[in-house]
Amino acid sequence: MTREDVGKEMYEFIEELYPICRSITGNGLRQTLDRIGRVVPLEVHEVPTGTRVFDWTVPREWNIEEAFIEDVDGTRLVDFRDHSLHVVSYSVPVDRVCQWDELEQHLHTLPEHPDWIPYRTSYYKENWGFCVAHRDLDRFRAGPFRVVIRSSLTEGHLTYGESVIPGATSREVLFFNHVCHPSLCNDNLSGNVVMAELARRLRKRQNRFTYRFVWAPGTIGSITWLSRNEQALQGIHAGLVGVLLGDAGPFHYKRTRRGAAEIDRVVEFVLKEQELDARLLDFSPYGYDERQFGSPGIDAPVGRLTRTPNGEYPEYHSSADDLTFVRPKYLAESLRVLERIVEILEGNQYYRNTHPKCEPQLGKRGLYGSTGGSQPKLREHAMLWVLSMSDTHQSLLDISVRSGIGFDTVHSAAKHLLAAGLLEECGERKPR
Amino acid sequence: MTREDVGKEMYEFIEELYPICRSITGNGLRQTLDRIGRVVPLEVHEVPTGTRVFDWTVPREWNIEEAFIEDVDGTRLVDFRDHSLHVVSYSVPVDRVCQWDELEQHLHTLPEHPDWIPYRTSYYKENWGFCVAHRDLDRFRAGPFRVVIRSSLTEGHLTYGESVIPGATSREVLFFNHVCHPSLCNDNLSGNVVMAELARRLRKRQNRFTYRFVWAPGTIGSITWLSRNEQALQGIHAGLVGVLLGDAGPFHYKRTRRGAAEIDRVVEFVLKEQELDARLLDFSPYGYDERQFGSPGIDAPVGRLTRTPNGEYPEYHSSADDLTFVRPKYLAESLRVLERIVEILEGNQYYRNTHPKCEPQLGKRGLYGSTGGSQPKLREHAMLWVLSMSDTHQSLLDISVRSGIGFDTVHSAAKHLLAAGLLEECGERKPR
Amino acid sequence: MTREDVGKEMYEFIEELYPICRSITGNGLRQTLDRIGRVVPLEVHEVPTGTRVFDWTVPREWNIEEAFIEDVDGTRLVDFRDHSLHVVSYSVPVDRVCQWDELEQHLHTLPEHPDWIPYRTSYYKENWGFCVAHRDLDRFRAGPFRVVIRSSLTEGHLTYGESVIPGATSREVLFFNHVCHPSLCNDNLSGNVVMAELARRLRKRQNRFTYRFVWAPGTIGSITWLSRNEQALQGIHAGLVGVLLGDAGPFHYKRTRRGAAEIDRVVEFVLKEQELDARLLDFSPYGYDERQFGSPGIDAPVGRLTRTPNGEYPEYHSSADDLTFVRPKYLAESLRVLERIVEILEGNQYYRNTHPKCEPQLGKRGLYGSTGGSQPKLREHAMLWVLSMSDTHQSLLDISVRSGIGFDTVHSAAKHLLAAGLLEECGERKPR
């Protein structure tokens, strides 16, 4: 399958998921996880309402059947069936007649973008509301208006899905993304489908690390996951929140709290190596789920990869984040970058030179040209670099950066030296 | 009282102190301390001649009544009553007639500034001399000349004044300045009056730290103070030599010996925050009393704040450092900067986030907007930053610098979080 | 003797050594060491063929009497007597008649420089070959050709020479250079003669450090030396591989493996101080013998000083690296730089200020001007800097760099302070 085809396939998956009304709990979320589970097998977790998760509590489950506003003539002015963004997420049920003065308090618009419907939520304060295009306020003439939201808030569950792909070691690479947004394409159906495709591909390979993919609602979902997996954090070798991966903007990598973890070095290396016009951002405590991973009591090595970050494009959290805003080629490019990140993570070993006193004689092992006097080749240079720097404190990535020789050449040199007994693996080591 | 009025008041205080002939000992110094003591209560210390202070010895006390040079006609060519700079400080008594050849050895002028009288001293070698405007050498025609200096060098005392303002903790902030220069305005009456006003203001407030102000003669005074207060150095949280504070030049901050003390960070922050066109200088072992605090066996965290530094303006150590060289508005600006430094020192706490695992739920405590989907406000951002960084190793100043959010906003956010039980104070902590 | 004369003398020494055919073993190498031994007494070491040296084995000894190729008419097409580069070093003996097809496999040329003879070796794979100017291939018409190499490969020795100049301490400064190249002037007769002259000069002085000079064949020679002197490595204070010192190019200093050793700081200081347009290179595992000193199991503080580095000038490893390529003035300049490096190494002491609390009173010791009020002189500034920074962790070089005052002025100030009892030596100290 060509890159182009892969991009198209992921885009079609977005088209399929787009109409579903997701929230941080409920059946839309379940349907979405079920559909992702057809790409890659998922373990789906249901956490009951009321469960304490650190400082938070799993909220009641929210579901919605229909919602509309009618005028006196019975004309529908707004209808949830037209767009899942029309209703403020977690709106309590309502069925009443009211005047404009009251209704106005419950209407959200974006006056600066009169054609777009905003995305609004009220998870933790009981309220109801409608989101409409500012231009459509013209339809609201004299009241009264009939307002109906047939939603339910019940003792139920918070749902998330997890896919674990075992590798040669139990050390884990974690990919986390949120799945709670309704009909918004870039935020975050793009992340959902790219992660599903990445997981599907990794399942087909022999991997060094164990890979864990999580699709969970934002904030409350990552807090819930963390409160149930705290003991597993020590096993995380590297982690990435991968979201907002379908727009045309440049990649933005947001560093982990510590800022110099393996994932930081690897992502920065890949973005530079691929000559993408990417931006590097320091950790900050606002954004997506990386902020929970980077809280002072968690401090897990989890960075965040997006294209344009949250809040930095006008279409963000509005109906303009639609099927025209994401493109197959950007989805495919995001997947390619993530696969390269995995490749570098997998290959980035620390070695010990078994003959560390002076250079070992490469020539007698057939690893070096026999006629002296002229300059050695790149492959020979790479071997000298690997031997010189393999003191257990410098990884192949360090060696590639220091020598200026591409990672794959360095990696291949290491494989030849390993086969010749001149290197031995020394596990995952921390830089000095 | 307006800033302008405060500047005027400090300037008038300089006018009052200007005519007094000060030196490193003697009655001029005592009068000056007495006058400062009317602004802020001082404890005046008298250290006897001959006292050993580290490698030095407190010298004899010097006082002077009159001094002049007359020509054969009895015309006074130079008279100490006209300007206290006319006599080399610590000149031994003399009353004799001499010829030009001998007299010339004892006259100091500034040929490049023919109208200015230089400032010269001879503290540690017995000598006498006069300082005159180069242009006035014309008055010295054929000799002989009668030379009279009615001074005394006696077993007496070295005098310094100290004002301690107790705070909530015994940890001290030290403000040190020299008070030994005769009729020179910027160096250092400007420092003397700004420090007096700062002390007067701090006495009226509740402070976290104990503040200690010292007015002492330069070099021998700080050496004397240090030899008598060595045990107190451990209690110094931050210190500043504050001198040369009345000229029009930009602020210059000279770092402590270590270069990364609390006072270094705070002063650099304030000068940047206030958008003053300030210069930062590394520690060097020449200058004012900061060199004693920065000697290798003392190594106290004491920096130095001046406007134009010593020796870097032509008027330095000459009669041109007069009442026209200092201006009320610069005195007022210097006071404002010092007050802001105190404000930041006082507010720069280290906290511990009491809910460090994931974000605490701000919404349920009324600290966060309830409608989601749009961007949080600056105040909410500041709270997230304070929670994220309050791991006991990062102070509010660190958080302000890292987040780019103003110190006062960060400080106010911390107060709200403290009130909500989400932070606890953890005393003065060192950065990691 | 003027600098110019010294340059000329070193150049004449190169002229004398140029015709000798050297290799990594053999009589040409012995003759060269013998000739160097007339400038500075050498201890000559002979290491038998077959000796294990780390991962390597000392090879058989190679000697050569004559070599040529003749055409059917008996016309000599190539003759070793014309140029020692004509025969691939370590060529096995051969005496046979062959056709062009076979001969061609054994001819080396530089098509891009048709007038130059390349330099080629085959130390560790039995082979034979001739190196000729590409233009001279025209002489080879129809075969057959008679090929004769009268060489020998026998159980013999690897030879190197060593000169040790004892100093006040047994701590050593090591100067290492290779002496295995045949008729090539810059690489490395230039290094050979500059090192000989430097050693000759150091023998005439009282030195603080013990100086060890080694002339050895490249790679196998340094590996052999290291395998026999491993225990001595702990005693090396600083080391330098000094090679390629006669061309017109700018100096290039290649740092030690660690990159911040004493030798790194000193050489970088000298190159900057002398305002030479020099380049600083990080350690890399390719080059000359510094790569063995920088191998992970050796990690000795040995840098490398060259003018244009190996492989970065077209004449490198060809007959164009001849007597016109090196010039007396560049040899003399290289010597001057090496002598200044020695001067700084010798003078770069760590001291302890014996009066560290506040400044000691310099005036009473006659070290400071007695009239105060004007700025101190450079000499006085230098004394204040030395006193301030002499806390056992900062050397005179550190003080010179930090203060911006020239090393010689700082050094002289330290001598005065030492004489006055204000400093004491504290041996070789590591920076904090």
Side-chain angles (χ1 to χ4, degrees), chain B residues 23-24 52-57 59 85 88-90 106 108 110 118-127 129 131 180-182 184 187 218-227 230 233 257 259 282-287 289 291-300 310-312 316-318, chain C residues 350-396 398-405 409-410 413-414 416-417 420-424 426 429 431-432:
Chain B
S23 184
I24 55 173
R52 289 283 298 177
V53 290
F54 295 130
D55 191 48
W56 301 61
T57 306
L85 291 180
V88 169
S89 195
Y90 261 66
H106 294 271
H108 302 268
L110 293 170
Y119 165 52
R120 293 289 177 269
T121 68
S122 189
Y123 300 138
Y124 298 104
K125 189 184 173 194
E126 288 200 3
N127 203 347
C131 299
C180 53
H181 284 37
L184 294 164
D187 184 9
T219 307
I220 187 67
S222 52
I223 293 170
T224 299
W225 187 87
L226 277 162
S227 76
E230 207 182 340
L233 291 175
R257 176 181 183 84
D282 278 332
F283 179 75
S284 67
Y286 189 69
D289 293 309
R291 66 207 246 199
Q292 310 307 335
F293 290 100
S295 60
I298 299 295
D299 198 11
N310 52 311
E312 299 191 7
Y316 175 73
H317 278 190
S318 84
Chain C
Y350 290 83
Y351 293 101
R352 181 185 289 107
N353 175 343
T354 58
H355 291 62
K357 292 182 179 174
C358 299
E359 288 170 24
Q361 196 178 356
L362 296 176
K364 73 182 182 191
R365 294 173 176 91
L367 297 170
Y368 210 84
S370 59
T371 301
S374 57
Q375 299 278 27
K377 297 183 193 69
L378 185 61
R379 196 179 72 91
E380 293 167 346
H381 263 300
M383 284 190 291
L384 292 173
W385 272 106
V386 172
L387 286 168
S388 180
M389 299 294 129
S390 286
D391 56 3
T392 81
H393 294 292
Q394 297 175 86
S395 71
L396 295 189
D398 296 320
I399 296 169
S400 171
V401 169
R402 175 85 189 267
S403 67
I405 300 173
T409 305
V410 167
H416 282 99
L417 293 168
L422 291 172
L423 291 184
E424 56 188 31
C426 54
R429 296 297 289 261
R432 235 182 313 229

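In the text below, chain A, chain B and the rest are named by the order of the sequence lines, each starting its count at 1. Hydrogens, waters and symmetry mates are skipped; everything else that's a heavy atom, side chains included, is used.
Using a 4.0 Å cut-off between charged nitrogen and carboxylate oxygen, B:Asp55 and C:Lys364 count as a salt-bridge pair. In summary, B:Asp299 and C:Lys357 do not engage in a salt bridge, as defined by a charged side-chain N under 4.0 Å from a carboxylate O.
Under 3.5 Å, the side chains of C:Ser388 and B:Arg257 contain a donor-acceptor pair of N or O atoms.
The closest donor-acceptor contact from the side chain of C:Glu359 to the backbone of B:Ser295 lies at 3.5 Å or more, if one exists at all. At distances below 3.5 Å, not a single donor-acceptor pair connects side-chain atoms of B:Trp56 with backbone N or O atoms of C:Cys358.
Under a cut-off of 6.0 angstrom, the local environment of NE2 in C:His355 is crowded, with over 12 non-hydrogen atoms contributed by other residues, nucleotides or ligands.
Using a 4.5 Å cut-off between heavy atoms, B:Leu226 contacts chain C through its side chain alone, with no backbone atom that close. Contacts of B:Phe283 with chain C are made by both backbone and side-chain atoms, with heavy-atom separations under 4.5 Å.
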Tell me, with the steps shown, if B:Tyr286 and C:His381 meet ring pair (Phe, Tyr, Trp, His ring centres under 6.0 Å). CA-CA 7 Å; B:Tyr286 189 69; C:His381 263 300; 5.1 Å; yes
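Contact of the B:Ser284 side chain with the C:Trp385 side chain is registered, since non-hydrogen atoms from C-beta on lie closer than 4.5 Å.
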